[in-house]
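Data first, discussion second: the structure below is written as structure tokens.
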Amino acid sequence: MEVVQVLHMNGGVGETSYAKNSLLQQKVITMTKPITEDAITKLYCSKYPDEIAIADLGCSSGPNTFFLVSELLKVVDSVRQKIGQKSPEYQVFLNDLPGNDFNTIFRSLSDFQNKLRKQLGPGNGPCFFTGVPGSFYGRLFRKNSLHFVHSSYSLHWLSQVPQGLESNKRNIYMASTSPPDVLKAYYVQFQKNFSLFLKCRSEELVDGGRMVLTLIGRRSDDPSSKECCYFWELLAIALSDMLVEGLIEEEKLNSFNIPMYTPSPAEVKYEVVKEGSFNIDRLEVTEVNWNAYQDETDLSDAFKDGGYNVAKCIRAVAEPLLASHFGEGILDEVFRRYREIISDRVSKEKNEFVNVTVSLIKA
């Protein structure tokens, strides 16, 4: 499976699209907003630049793409007005893998720009947008051309499925039953990818440039702990049940592994220190309920079902991976079963994603 070709969120604006099922990711951006605001404020106040180049890596498509950008620009505009500075010009780079639905982004760009002008009012500098398709595990921008890099819920994805997972049968990710060599293979792949990411961004950022990165992670030292692997284990149960009933092939299930790694804060810190290009300003951990609608009011009956909400969220993220490996014919059935399994579990226990957020300064 070529991850670069098949790893993307569901495009469009339909019922299974990422655009319609990304409230959880928006909540994470909101939760980490104080860290992001602090970083962009310190960046701006360090030099009061005439222009600011911002890159959002793993931007996907839908409302979250522009939500983050508008929040950053509003912070800078508020600060510059208080101190009487002229507004900088902005260059915003929206990056994701080539399979990302960039068309939906650019179709909604004009409306967003009009809305942003009204929010910021007169005197705000122009904001230019550029789409940048490509893997962030490689160079994407000119040397010393970026001031601020942001990435939320993207860097836990790996550039490839780790080598040596043949013994991880009937698991689709690291699990409590995964052999030690499987856990090591995942960690080694994360180390390679994250170190390369840091190296590439250090070349592209200006001196003193900043990054804020948020990944799904874990508090535990155990990479197969329930807090980071459970939601994939439950999907593996749905697939295993379909295998027993002859709906999918055993070879197909045994050869399917999610290209992802959920690091601990200590692992993130270790890689940053080892690579050496950045200083850590802040490193924080937060949690968000699997069910993004948990505390929402005035919900329709469907959205009152936690299993329905979680299954739709995971489907918007994982469907392209499953479709490329098993074929599209299984999708409705596997996520129907997944919804039932999730509904049962969330009715009995509280389940949360752990978020690791690190704010970095180019050394």
Side-chain angles (χ1 to χ4, degrees), residues 6 9-10 12 14-28 153 156 168-178 216 218 224-260 262 287-354:
V6 299
M9 309 299 101
N10 272 353
E15 284 305 305
T16 62
S17 68
Y18 181 80
K20 285 282 184 69
N21 297 284
S22 53
L23 178 62
L24 182 141
Q25 289 86 345
Q26 185 181 108
K27 285 193 169 183
V28 172
Y153 266 41
H156 44 253
N168 202 32
K169 298 186 185 301
R170 295 212 182 185
N171 294 318
I172 64 172
Y173 183 54
M174 294 182 294
S176 55
T177 57
S178 294
I216 299 178
R218 66 182 196 277
S224 64
S225 67
K226 183 177 178 180
E227 65 182 351
C228 58
C229 300
Y230 194 38
F231 67 104
W232 291 128
E233 288 191 37
L234 299 183
L235 183 58
I237 291 173
L239 289 165
S240 293
D241 289 346
M242 292 177 69
L243 169 63
V244 171
E245 295 176 27
L247 299 176
I248 61 174
E249 300 172 10
E250 184 170 15
E251 185 278 328
K252 283 286 189 181
L253 179 55
N254 287 340
S255 61
F256 181 71
N257 290 283
I258 299 292
M260 179 178 177
T262 41
E287 293 90 17
V288 61
N289 196 289
W290 279 7
N291 179 12
Y293 294 87
Q294 177 74 20
D295 301 317
E296 299 294 309
T297 57
D298 300 323
L299 296 174
S300 65
D301 288 343
F303 285 97
K304 292 176 183 177
D305 179 354
Y308 173 84
N309 298 329
V310 177
K312 286 193 73 177
C313 174
I314 300 300
R315 180 169 185 169
V317 172
E319 180 173 298
L321 291 172
L322 287 161
S324 70
H325 190 81
F326 295 99
E328 296 184 359
I330 74 156
L331 296 175
D332 289 342
E333 179 61 17
V334 71
F335 283 106
R336 181 190 69 77
R337 293 169 184 248
Y338 189 50
R339 172 184 175 179
E340 292 178 356
I341 295 169
I342 293 284
S343 294
D344 175 65
R345 302 305 169 95
V346 298
S347 69
K348 299 174 181 176
E349 58 193 20
K350 183 180 181 182
N351 291 290
E352 295 178 315
F353 292 111
V354 175

(message) Could you measure the distance from the CZ atom of F256 to the CG atom of N168? Nearest 0.5 Å is fine.
(response) 12.0 Å

(message) I want to check something: taking the side chain as every heavy atom from C-beta on, are I341 and L235 in contact at a cut-off of under 4.5 Å?
(response) no

(request) Could you pull out all residues at least two apart from S255 that satisfy side-chain contact (heavy atoms from CB on, under 4.5 Å)? (result) E251, H325

(message) If the threshold is 4.0 Å, N to carboxylate O, is there a salt bridge linking R337 and E340?
(response) no

(message) For the CD1 atom of I330 and the CZ atom of R336, what is their distance to the nearest 0.5 Å?
(response) 13.0 Å

(message) S225: which residues meet the side-chain hydrogen bond (donor to acceptor under 3.5 Å, both in side chains) condition with it, sequence neighbours left out?
(response) none

(message) How close do I216 and H156 get, counting heavy atoms only, and between which atoms?
(response) N-ND1, 2.9 Å

(message) What's the separation between atom CE in M174 and atom CZ in R218, rounded to the nearest 0.5 Å?
(response) 6.5 Å

(request) For Y173 and I258, work out which heavy atoms get closest and say how close. (result) CD1-O, 3.9 Å

(request) Could I get the full list of side-chain contact (heavy atoms from CB on, under 4.5 Å) partners for S224, not counting sequence neighbours? (result) L183, D222

(request) Not counting sequence neighbours, which residues clear side-chain hydrogen bond (donor to acceptor under 3.5 Å, both in side chains) with T177? List them please. (result) N171

(request) Mind listing the closest non-hydrogen atom pair of I172 and W232 along with its distance? (result) CD1-O, 3.6 Å

(request) Could you list the residues that satisfy salt bridge (Lys or Arg N to Asp or Glu O under 4.0 Å) with E287, not counting sequence neighbours? (result) R219

(request) With the side chain counted from C-beta on, respond yes when V354 and T262 share a heavy-atom pair under 4.5 Å apart, and no when they do not. (result) no

(message) With rounding to the nearest 0.5 angstrom, report the CD1 to CG distance, I342 to L234.
(response) 4.5 Å

